[in-house]
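Since the structure comes first, as structure tokens, the remarks are kept for the end.
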Amino acid sequence: MSSTSETAVPTGGAGQELGDDVEQITTALDTAGARIPGEITAAAHEDLAQVTQRLALGVDYTVVALVGGTGSGKSSLFNALSSLQFADVGVIRPTTSQAAACIWGSKATALLDFLQVAPDRRIQRESALDGDAEEELTGLVLLDLPDHDSVESTHAEQVNRLLPLIDLLIWVVDPQKYADNVLHEEYLRALAARHEAMVVVINQIDTIPVSAHDQVRDDVARLLVEDGLADVQIEMVSARTGEGVERLRTLLAEVIAGESVAARTARDEVSAVRRRLVGHVAAQDPAPPEAEAVAEDLATASGVPSVAESIRRAVASPRAVALAEVQRPASSRTAAIRDRWLGQATAGLPTPWREAVVQTVAEEAAFDEHVWTALHSQALPASTDRVAAAQRTAGLAAGGLGLVLLIVGAALFSSATAVGGSLAGAGAALLLVALVLVLVARTRRRRTAGERAEDFLHRTTAALTSVVSDDLVRPAQVPLGEHSSARAGIRGDAPVSTTRG
């Protein structure tokens, strides 16, 4: 398709939607870059450029062409459908040698330039006097094509050039020449594949008796069956009297209500580009594990939960308990954890995208070293907690004193002395207080032990989460984000965030 003087894509309707599709795919190709083979990208850009040119012509126009031979009355029907006497001013001669156009709505300048309709062969169907009478035909471009049987070969060539761009072909015949060999052999039969976009109009029915109408219609129908066009609609009109013209205008309104052939063609071309590109992105965006989950795996591999449990026991126990130490995990273990994350982060990605992710994250040795640094930097609490130790000492002292007083008092009480009874009571009271202190101290020790263990576990896991985020998640966000954007543009989906942590 050649370029036109207008390059802007019309806004609104199918044109806007298809223009957005073209922009979306173009952006996706730019984002993907070398991760889609160069020859595939070049072909897609070329096809999209053709779609853009098609859009510039205006896919929201419905092009209807009156096609017929000399004397069939195409120009008269053109005037009748447009309700304009365009032919009477001398622009359209009895034998149509150049295409003429009537446009409902905007001027369709780029389209008519491409169709090579001369400026003086165009007329705008607009009038304040019409009100809304012509609104149902808004977007219609009605063409009066040159006579296909003209002795000038350029006329037939022009007709053939315009046919692929036309939404509805109205073949205009008259009651005398409807069996013309040129019409049936060179046009109707050759275009049988477009039967759904054809109508045959028998014009000038006012020139034959009403009793002959059915006979003529039946004969035309018979010829169409022979042409392989049995389902083509037949209309009978008289451009001179207006009979059947309104019914034909209603048919045009129905055609306008559907999608234009230009829009369908552009949509098919866009779909074809998408189909060729879709294999170069994943069917869906990968979902890598969260950094916290990977950090927990690393913590387990390093014995961090065991160290936290030893901290809990050391603080909670009334006896001294040795603390366990964090062990450096085997490099093969950290490599396996890294590879497992990469496997999920690149699941389903074509090789170029997978390699792009692998190249951005930290290598195995660096990741292993960063994991150990994070583990080694977390200080262990003292093996005995001063607060807990003081609570244990106070509880044990009070308990011991109370027990001594209780024993002494009980011995004296058995002698039935007043002093003995008093000491026994005081001893019992003090023992009760001691028991309460011991219980309170034990509860506080356990709570403190849990807090110390949880603090170590939290600090260590947070440090490991930071390593996973810095070494894996954040670096991979760039290629994964680019893949998500490219995939959305190519497949026409909304992009989804795929990186977490």
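Just so you know, these numbers come straight off a predicted model, no measurement behind them. No hydrogens, no waters, no symmetry mates; every other heavy atom, side chains included, goes into these values.
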Heavy-atom closest pair, residues [X] and [Y]:
{"X": "Thr465", "Y": "Ala295", "result": "OG1-CB, 3.2 Å"}
{"X": "Asn203", "Y": "Ala239", "result": "OD1-N, 3.1 Å"}
{"X": "Leu111", "Y": "Leu57", "result": "CB-O, 3.2 Å"}
{"X": "Phe78", "Y": "Leu142", "result": "CE1-O, 3.4 Å"}
{"X": "Pro329", "Y": "Val371", "result": "CG-CG1, 4.4 Å"}
{"X": "Asp167", "Y": "Ala262", "result": "OD1-N, 4.2 Å"}

Within 6.0 Å of [atom1] in [X], more than 12 heavy atoms from elsewhere:
{"X": "Glu259", "atom1": "CD", "value": "yes"}
{"X": "Glu23", "atom1": "CD", "value": "no"}
{"X": "His213", "atom1": "NE2", "value": "yes"}
{"X": "Gln284", "atom1": "CD", "value": "no"}

Just verifying a value: how many Å separate [X] [atom1] and [Y] [atom2], rounded to the nearest 0.5 Å?
{"X": "Glu196", "Y": "Leu229", "atom1": "CD", "atom2": "CG", "value": "11.5 Å"}
{"X": "Leu224", "Y": "Asp231", "atom1": "CG", "atom2": "CG", "value": "9.5 Å"}
{"X": "Leu29", "Y": "Leu48", "atom1": "CG", "atom2": "CG", "value": "6.5 Å"}
{"X": "Arg249", "Y": "Ser83", "atom1": "CZ", "atom2": "OG", "value": "5.0 Å"}
{"X": "Leu140", "Y": "Ile103", "atom1": "CG", "atom2": "CD1", "value": "9.5 Å"}
{"X": "Leu137", "Y": "Leu81", "atom1": "CG", "atom2": "CG", "value": "9.0 Å"}

Verify, without hydrogens or angle tests, whether [X] (side chain) and [Y] (backbone) share a donor-acceptor contact under 3.5 angstrom.
{"X": "Ser484", "Y": "Leu480", "value": "no"}
{"X": "Thr265", "Y": "Val261", "value": "yes"}
{"X": "Thr461", "Y": "His458", "value": "no"}
{"X": "Ser82", "Y": "Asn79", "value": "yes"}
{"X": "Lys177", "Y": "Ser72", "value": "no"}
{"X": "Gln204", "Y": "Gly71", "value": "yes"}
{"X": "Asp174", "Y": "Gln176", "value": "yes"}
{"X": "Arg267", "Y": "Leu18", "value": "no"}
{"X": "Arg240", "Y": "Ile205", "value": "no"}
{"X": "Arg274", "Y": "Ile490", "value": "yes"}

Worked verdict on Ile25 versus Val270 for side-chain contact (heavy atoms from CB on, under 4.5 Å): CA-CA 9 Å; Ile25 298 173; Val270 168; 3.9 Å; yes
Does any part of the side chain of [Y], heavy atoms only, come nearer than 4.5 Å to the side chain of [X], both counted from C-beta?
{"X": "Leu248", "Y": "Val201", "result": "yes"}
{"X": "Ile202", "Y": "Tyr178", "result": "no"}
{"X": "Val64", "Y": "Leu252", "result": "yes"}

side-chain contact (heavy atoms from CB on, under 4.5 Å) between Gln233 and Val200, intermediate numbers included: CA-CA 6 Å; Gln233 185 173 338; Val200 171; over 6 Å; no
Side chain to side chain contact (heavy atoms under 4.5 Å, CB included) partner of Phe367, chosen from Val467, Val361, Asp470: Val467
When you check the gap from the basic side-chain N to the acidic O, do [X] and [Y] get nearer than 4.0 Å?
{"X": "Arg35", "Y": "Glu355", "result": "no"}
{"X": "Asp471", "Y": "Arg338", "result": "no"}
{"X": "Arg264", "Y": "Asp268", "result": "no"}
{"X": "Arg222", "Y": "Asp218", "result": "no"}
{"X": "Arg122", "Y": "Asp113", "result": "yes"}
{"X": "Arg121", "Y": "Asp144", "result": "no"}

Which donor-acceptor pairs under 3.5 Å do the side chains of residues 342-353 make with protein atoms, sequence neighbours left out?
| residue | atom | partner | partner atom | Å |
| --- | --- | --- | --- | --- |
| Thr346 | OG1 | Leu342 | O | 2.7 |
| Thr351 | OG1 | Arg354 | NH2 | 3.2 |
| Trp353 | NE1 | His280 | O | 3.0 |

Residues forming a side-chain hydrogen bond (donor to acceptor under 3.5 Å, both in side chains) with Ser238, sequence neighbours excluded: Asp206, Thr241
From CA spacing to verdict: side-chain contact (heavy atoms from CB on, under 4.5 Å), Glu364, Thr334: CA-CA 8 Å; Glu364 291 181 1; Thr334 58; over 6 Å; no
Stepwise side-chain contact (heavy atoms from CB on, under 4.5 Å) check, Asp285 with Arg487: CA-CA 8 Å; Asp285 289 317; Arg487 176 187 174 278; 3.5 Å; yes
Donor + acceptor pair across side chains of Gln24, Asp20 (<3.5 Å): no
Test salt bridge (Lys or Arg N to Asp or Glu O under 4.0 Å) applied to Asp297 and Arg340, step by step: CA-CA 11 Å; Asp297 289 343; Arg340 186 165 61 247; 3.3 Å; yes
